[in-house]
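Here's the structure, in structure tokens; my notes come after.
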There are 2 protein chains.
Amino acid sequence: MRKYTEILKAISDEKRLRILRTLIKSKTGMCVCELMDTLGEQPYNISRNLKILQFLGLVEGRREGKWVVYSAVQSRDEFLKYVIKAIDSIPNEFFREDDLRMKLRLNLRQAGRCVYGVNSRAWNEAVKKIYKQIL
Amino acid sequence: MRKYTEILKAISDEKRLRILRTLIKSKTGMCVCELMDTLGEQPYNISRNLKILQFLGLVEGRREGKWVVYSAVQSRDEFLKYVIKAIDSIPNEFFREDDLRMKLRLNLRQAGRCVYGVNSRAWNEAVKKIYKQIL
DNA sequence: TTGTCATTTGCGCAATTATGCAAATGTAAA
DNA sequence: TTTACATTTGCATAATTGCGCAAATGACAA
């Protein structure tokens, strides 16, 4: 039973919930620096929480050169399927900024791959531009 | 978003998960002493955790004389429905003893109501009898 | 009222978990 | 090899949470 409660506890942390949800929504998976820019978190917070999610079988990571790309695992387990559905049932309004920034960050990719590090000039300008548009 | 993570955290605790699941399975609701006997927990652990579940809208309590009867709330909320389904997807084998003891405890009722306090003679004999049968 | 039983709650301690910093590791390009 | 960047991890500390005890509350019957 421990496995089940560990999974619930893992996603009961807001940071991990946002990381997992972002990876699910991204479809393609994302590298650590893309998650950092998207969620505005420190590298160790992203990395450590990804490790926890990975240990529980919720995400998986693969190295691609300097980058490590994580993606949500598509599970056949009934428990996990309902957990994912529950996450997906949380109204999008709570993740509006995450979703916007993820879209923006993935737009910086070239040939479907991350090419900028964290907090890059390109990223900062893209964010500034959008926030100006919105306000 | 806090509300959602709080609910996940609440059921990520094994004691609370077992309390909630037991109430769901019981259909009729159960009083604190029935939960104590069923789960083998101290009164303050049952009571405090019920309060947390109640605060989050997962269970509701009503007083019936000396007893306070709690029951699982049937929610219309999509998030909660999937959370309940997830709980229901955890294999029953993990709750075999809980289920047996719940059935045993509810069998002691008269006219559908709890009539024995915690750790009563009737309860102890019922348990001893069943455990002798099984072993 | 008094006593008894069922349940709740305040308080302090123990255990767990999250977080930041700094250092370490891994990878590729200069 | 050196450098730069991406990611991970060990360690110490802060914050949160769980738990037991003892006392309080609520309800009913003697």
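Since the model is a prediction, treat every value here as computed from it, not as a measurement. Letters A, B, ... mirror the listed sequences (proteins, then strands); counts begin at 1.
Ranking C:dT7, C:dT27, D:dC21 by closeness to the B:Val68 side chain, first place goes to C:dT7. Side-chain proximity of A:Lys66 to D:dA6, D:dA27, D:dT7: nearest is D:dA6. Minimum atom distance to the side chain of B:Cys31 is reached by C:dT7, of the listed D:dG18, D:dT8, C:dT7. In the set D:dG18, D:dT7, D:dC19, D:dT7 carries the atom at the smallest distance from any side-chain atom of A:Cys33. Of the listed nucleotides (D:dG20, D:dT17, D:dT8), D:dG20 has the atom at the smallest distance from the side chain of B:Arg48. Of the candidate nucleotides C:dA6, D:dC19, C:dA18, C:dA6 has the atom lying nearest to any side-chain atom of B:Trp67. Here C:dT8 is the nucleotide among D:dT7, D:dG18, C:dT8 with the atom lying nearest to any side-chain atom of B:Val32. The nucleotide whose nearest atom lies closest to any side-chain atom of B:Arg16 is, among C:dT7, D:dT7, D:dG18, D:dG18. Comparing C:dA22, D:dG20, C:dT7 against the side chain of B:Tyr44 picks out D:dG20 as the nearest.
Panel note: side chain B:Ser26, backbone B:Leu23; a donor-acceptor pair is recorded below 3.5 Å. No donor-acceptor pair under 3.5 Å is formed between the side chain of B:Asn45 and the backbone N or O of B:Glu41.
Salt-bridge check for B:Glu34 with B:Arg109: passed, with a basic side-chain N closer than 4.0 Å to an acidic carboxylate O. Contact check on B:Lys129 versus B:Glu125 returns no salt bridge, with no Lys/Arg side-chain nitrogen under 4.0 Å from an Asp/Glu carboxylate oxygen.
Taking atom CD1 on B:Ile52 and atom P on D:dT17, their separation rounds to 9 Å, with Å as the unit. In this structure, CG of B:Asp13 is placed 17 Å from P of C:dA15, rounded to the nearest angstrom. In this structure, the NZ atom of A:Lys15 is 14 Å from the C1' atom of D:dT16, given to the nearest Å. If you measure from atom CG of B:Asn119 to atom C1' of C:dA6, you get 14 Å, rounded to the nearest angstrom. As rounded to whole Å, 12 Å separates atom C1' of C:dT16 from atom NZ of B:Lys9. One atom, CH2 of A:Trp123, and another, C1' of D:dC5, lie 19 Å apart when rounded to the nearest Å. Atoms CD (B:Glu64) and P (C:dA6) sit 15 Å apart, rounded to a whole Å. Rounded to a whole Å, the CZ atom of A:Arg62 is 16 Å from the C1' atom of D:dT7.
Toward the 5' end of DNA chain D, the nearer of the two residues A:Tyr70 and B:Asn45, judged by each one's closest nucleotide, is A:Tyr70. Residue order along DNA chain C, read from the 5' end via each residue's closest nucleotide, puts A:Glu41 first among A:Glu41 and A:Gly65.
In this model, the phosphate group of C:dT7 is not approached by any side-chain N or O of B:Ser47 to a distance below 4.0 Å at OP1 or OP2. The shortest distance between the side-chain N/O atoms of B:Lys51 and the OP1/OP2 oxygens of C:dT8 is not below 4.0 Å.
Residue B:Arg63 is in sugar-phosphate contact alone, with no base atom involved, counting any heavy-atom pair closer than 4.0 Å across all strands shown.
Between B:Glu78 and A:Lys85, every side-chain heavy-atom pair lies at or beyond the 4.5 Å cut-off.
Inspection of the B:Arg21 and B:Asn92 side chains reveals an N or O donor paired with an N or O acceptor under 3.5 Å.
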